[in-house]
Amino acid sequence: MANTTFRTFYDVIRELEGVYGHQELWLYSGITDVTPDEVIIARHNWKSPKILKRNGSIVAERIGGSESWQLVGDYKKPQSHPGATPWQSCQIDHTFKGLYILSV
């Protein structure tokens, strides 16, 4: 089965929320101890970024050094067990998405 690839971060988020029903996604950017605003501004310095569910399961990751993303893992299952938020990750909420769109 081939991996589904998307050209941008925003495209993969829209797919995960719109098609697969994810309601709580998190971004692990590899950048520590910064605010969501700083994470967005430093997006060109992200180190192996991944989109996670609340339980830490990876549902998408950036492909190499490009801006393209691919769905991975259990992305078809939006349910996530309650628990602690993913370590060193920012929640991809409406504010985060809005700031991201404005920064592009």
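Starting from 1, each residue takes its place in the sequence as its number.
Checked against salt bridge (Lys or Arg N to Asp or Glu O under 4.0 Å), E61 has the following partners two or more places apart in sequence or in another chain: K50. Under the rule for a side-chain hydrogen bond (donor to acceptor under 3.5 Å, both in side chains), the partners of E38 that lie at least two apart in sequence or sit in another chain are T35. In terms of the side-chain hydrogen bond (donor to acceptor under 3.5 Å, both in side chains) criterion, residue partners of S103 (sequence neighbours excluded) are, by chain and number, R43. Contacts of D74 classified as side-chain hydrogen bond (donor to acceptor under 3.5 Å, both in side chains), with partners at least two apart in sequence or in another chain: K53. Annotation: side-chain hydrogen bond (donor to acceptor under 3.5 Å, both in side chains) contacts of S68 (sequence neighbours excluded): none.
Taken to the nearest 0.5 Å, the CD1 atom of I51 stands 11.5 Å off from the OG atom of S29. In this structure, E24 CD and L52 CG are separated by 11.0 Å, a value rounded to the nearest 0.5 Å. Atom CG in L71 sits 5.0 Å away from atom OG1 in T4 (nearest 0.5 Å).
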For residues 82-94, please give each side-chain donor-acceptor pair under 3.5 Å, one per line with the distance, not counting sequence neighbours.
residue : atom : partner : partner atom : Å
S89     : OG   : W87     : O            : 3.1
D93     : OD1  : T95     : N            : 3.4
D93     : OD1  : F96     : N            : 2.8

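Put simply, V12 and V19 are part of the same group of oily side chains (I, L, V, M, F, W, Y) that touch within less than 4.5 Å, one to the next. Under the 4.5 Å side-chain contact rule for hydrophobic residues, V34 and L27 share a cluster.
In this structure the side chain of E15 never reaches within 4.5 angstrom of the side chain of D11, judged on heavy atoms.
Among residue pairs with one or both ends in residues 4-25, those qualifying as ring-ring contact (aromatic ring centres under 6.0 Å, His included) are F9-W46, F9-W69, F9-Y100, Y20-Y75; sequence neighbours excluded. Applying the salt bridge (Lys or Arg N to Asp or Glu O under 4.0 Å) test to pairs two or more places apart or on separate chains, none has a residue in residues 62-72.
The hydrophobic cluster containing I63, built from Ile/Leu/Val/Met/Phe/Trp/Tyr side-chain heavy atoms closer than 4.5 Å, comprises no other residue.
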